[in-house]
Amino acid sequence: MTSGRRRYAVVAVAVFASAAIWGCGGSPTSPAPAPAPLKRVLVVTHTAGFRHSSIPIAETTIRDIGTRNGLFATEFCRTAEDVQARLTTDGLRGFDAVFFANTTGNLGIPDMAAFLDWIRAGHGFLGAHSASDTYHDSIEFLTMLGGEFNTHGAIAPGDIRVDDASDPSVAHLAPRFTITDELYRFDRNRRADVHALLSMDRVPDDGVGAAGAPADLLMAWRRDYGSGRVFYTALGHREEVWQDPRFQQHLLGGLRWALGP
Ligand SMILES: [Zn+2]
């Protein structure tokens, strides 16, 4: 028994040594490069108005996108107290981006000008769905975001068009695709102020306006904001949308871009 075990150990060492020499394509003496440090994303889900039931799945979806891709670590800002403490210059230190996931209303950011300055200084801001139903009383916030929610109808299939197939947040999508969600309308068309990513060129059949009529309804965009990067998608009302791999890839592309090099 003893000699058999020893023979097995010798063979195992020889195989291991061979793998070390030939296994990885590099010199066995050069250390593996250290992985890039993870970025940090603060996900804000505090609501001062309507609260979407999809918020828990939104939180886990964003966190899992960061983990699965080795891209970022996620922390959460869920309450009025969290907002007071974290959406400040001190509280944001060390974060690369904030993500407003279905926030609503006036969140109570202590100093909006300082918060917007933080984005302008070269950080990322991402918003999904009712991020545009947030801070209707702050022109500065809405200008940064690039749109203000106005109304929506019934949940309906949206016939969505890709506006810029070269953008990584929408490059994986068919040039036209259908997704069922609550389809937001905005205060006005701001195509000139943003880099459009997704839009609808017909009014959807959701009870708002004449279904099928020609239109230009933006659904996702990005924009530069000083040295910062802002990404917004109007999708994300339904749990099923957050679980849709197409939507998750959309968010991944937006996050990669907003997080910067
Ligand atoms: Zn909604």
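Side chains included, hydrogens not; waters and symmetry mates left out as well; all remaining heavy atoms used. All ligand and atom numbering here is 1-based and tracks the order in the structure. All residue numbers in this chain count up from 1 along the given sequence.
Checking each of R191, R188, R202 against D216 for a salt bridge (charged side-chain N to carboxylate O under 4.0 Å, His left out) leaves exactly one that passes, namely R191.
Applying the salt bridge (Lys or Arg N to Asp or Glu O under 4.0 Å) test to every pair with at least one member in residues 54-67, sequence neighbours left out, gives these pairs: E59-R78.
There is no side-chain donor-acceptor pair under 3.5 Å between T104 and D133.
For the Zn ion (ligand 1), protein N, O or S atoms closer than 2.8 Å were enumerated as H52 NE2, H129 NE2, E182 OE1, H237 ND1, with waters left out.
Take R190 and apply the salt bridge (charged side-chain N to carboxylate O under 4.0 Å, His left out) test, not counting sequence neighbours, and it matches D187. Scanning for salt bridge (charged side-chain N to carboxylate O under 4.0 Å, His left out) contacts around R238 gives E240, with sequence neighbours left out.
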Between D90 and T88, does the side chain to side chain donor-acceptor pair (under 3.5 Å) criterion hold? Intermediate values first, please. CA-CA 5 Å; D90 276 351; T88 63; 5.8 Å; no
